[in-house]
Amino acid sequence: MKAGKLYFGSNLKMYKGVADTAAYLTELQRLTADLNREGIELFILPSYTALPEAARVTDQSLVRLGAQNMGWEEEGQFTGEISCRMLRELGIGMVMAGHSERRHVFRETDEDEQRKVRCALDHGMIPLLCVGETAEDKRYGISREVLTMQLKIGLYGVSREEAPRVRVAYEPVWSIGVNGTPAEPAYAETMHAAIKEVLRGMFGEAGSRIPVLYGGSVNPGNARELIALPSVDGLYVGRAAWQADKFNILIRDALAACGR
Ligand code: 13P
């Protein structure tokens, strides 16, 4: 049996509107209500416009809600941004920083992600920092260096006391989305172990309490093998989680693979 808390989350990206998000969350809570939350945590990151309704229909002791992005100031002349204070007002306590689509489509930098992580921690939120190498990085053999840089800059200034509130998702860029290929389990394990080593180097024992989730084309065919890997603490799922019944089955299969 695999020890420790296991994490299952989904990033809903820019797909579901208000009604679809509410229906999805209602169904997911109903289907997973019997799972013991001492051993697992479920979290869902809807679109901004769906967050108020999501917060209304969700018991966050069953399914934690998070935002997909955040501006790093409390307020100000930042047209189009949503602040940490606005998210807190809705009862949202988790926020993602550094998803590969933010980094590559919207050209965000490691410094941008660091500011969001800092702002989240300052406002009592849980930051979920995503890291991952591109196909080119992998070809040049610099995956570890890239991950180390993303972690060291993204988590710069985080104290040892704050570290256990942070979560990390390893999402290799080449594995994400419709054109992605899932990472081979052996490769995922190597990269997760490397990430954990960097986190221990940065935060000592507190670093080993940071959960590291795998994301990128997780599906019903590979979830069991990926979650059973020693250095994988959870699965961060896109497409395969967007129907509540399918996500419920994937979670239960993954738990069974861990002897739960
Ligand atoms: P897919 O599972 O659809 O590849 O998406 C993963 C992801 O981007 C989660 O943030």
Side-chain angles (χ1 to χ4, degrees), residues 6-16 20-21 24-25 28 41-48 50-51 54 63-70 92 94-108 112-113 116-117 120 126-135 137-138 143 146-147 150-151 154 166-185 187-188 191-192 195 210-227 229 232-251 253-254:
L6 296 174
Y7 296 78
F8 297 93
S10 183
N11 165 17
L12 301 186
K13 306 195 182 184
M14 196 177 73
Y15 286 102
K16 291 184 194 294
D20 282 352
T21 302
Y24 170 79
L25 284 164
L28 188 63
E41 184 182 301
L42 304 189
F43 63 92
I44 299 294
L45 277 55
S47 295
Y48 278 141
L51 283 176
V63 177
R64 190 191 285 279
L65 295 174
Q68 296 172 18
N69 188 25
M70 182 175 79
I92 303 301
M94 181 178 188
V95 66
M96 172 162 58
H99 189 274
S100 88
E101 289 149 20
R102 299 295 323 167
R103 292 177 187 268
H104 298 285
V105 183
F106 298 99
R107 303 271 165 225
E108 291 184 6
D112 294 336
E113 313 315 347
K116 295 180 199 184
V117 168
I126 295 171
L128 170 67
L129 177 68
C130 300
V131 296
E133 81 282 6
T134 63
D137 299 332
K138 186 165 181 266
S143 301
V146 168
L147 294 174
Q150 291 176 343
L151 290 165
V166 171
R167 287 166 200 174
V168 169
Y170 169 59
E171 301 202 297
V173 178
W174 43 269
S175 76
I176 295 176
V178 280
N179 299 317
T181 7
E184 289 300 323
Y187 183 83
M191 291 301 127
H192 275 249
I195 288 169
I210 298 179
V212 184
L213 285 66
Y214 172 81
S217 294
V218 173
N219 61 58
N222 63 18
R224 283 178 294 265
E225 217 179 333
L226 287 165
I227 193 70
L229 297 169
V232 172
D233 304 308
L235 300 175
Y236 193 30
V237 191
R239 290 156 293 155
W242 295 340
Q243 283 174 261
D245 54 343
K246 296 206 170 130
F247 194 26
N248 172 51
I249 292 169
L250 187 150
I251 292 166
D253 280 355

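Counting starts at 1 for both ligands and their atoms, in listed order.
- If you check which protein heavy atom lies closest to atom 3 (O) of ligand 1, you get Arg239 NE, 2.6 Å.
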Do Glu108 and Arg103 pass the salt bridge (charged side-chain N to carboxylate O under 4.0 Å, His left out) test, and can you show the C-alpha distance, the side-chain angles, and the key distance before you say yes or no? CA-CA 4 Å; Glu108 291 184 6; Arg103 292 177 187 268; over 6 Å; no
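- At a cut-off of 3.5 Å, with distance as the only test, no side-chain donor of Tyr170 or Gln150 sits close to an acceptor on the other residue.
- Using a 3.5 Å distance cut-off with no hydrogens or angles, the side chains of Trp174 and Thr181 do not pair a donor with an acceptor.
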Stepwise side chain to side chain contact (heavy atoms under 4.5 Å, CB included) check, Trp242 with Tyr15: CA-CA 9 Å; Trp242 295 340; Tyr15 286 102; 3.4 Å; yes
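- For NZ of Lys13, the number of neighbouring non-hydrogen atoms (other residues, nucleotides, ligands) closer than 6.0 Å is greater than 12.
- Checked by distance only, ligand 1 and Asn11 come closer than 3.5 Å through their nitrogen or oxygen atoms.
- Taking every non-hydrogen atom of His99 and a distance limit under 4.0 Å, the qualifying atoms of ligand 1 come out as 7 (C), 8 (O), 9 (C), 10 (O).
- Every atom of ligand 1 is numbered from 1 in the order shown, and the set under 4.0 Å from a heavy atom of Ser217 is 1 (P), 2 (O), 4 (O).
- No N or O atom of Tyr236 sits closer than 3.5 Å to an N or O atom of ligand 1.
- Set against the non-hydrogen atoms of Gly177, the atoms of ligand 1 under 4.0 Å away are 1 (P), 4 (O).
- A side-chain contact (heavy atoms from CB on, under 4.5 Å) with His99 is found for one member of Glu113, Glu171, Gln68 and no other, namely Glu171.
- Residue contact annotation: Lys13 has a non-hydrogen atom under 4.0 Å from ligand 1.
- In Tyr187, the OH atom is crowded: over 12 heavy atoms of neighbouring residues, nucleotides or ligands sit closer than 6.0 Å.
- Among all protein heavy atoms, the one lying closest to atom 7 (C) of ligand 1 is Glu171 OE2, 3.2 Å.
- The shortest N/O to N/O separation between Gly238 and ligand 1 falls below 3.5 Å.
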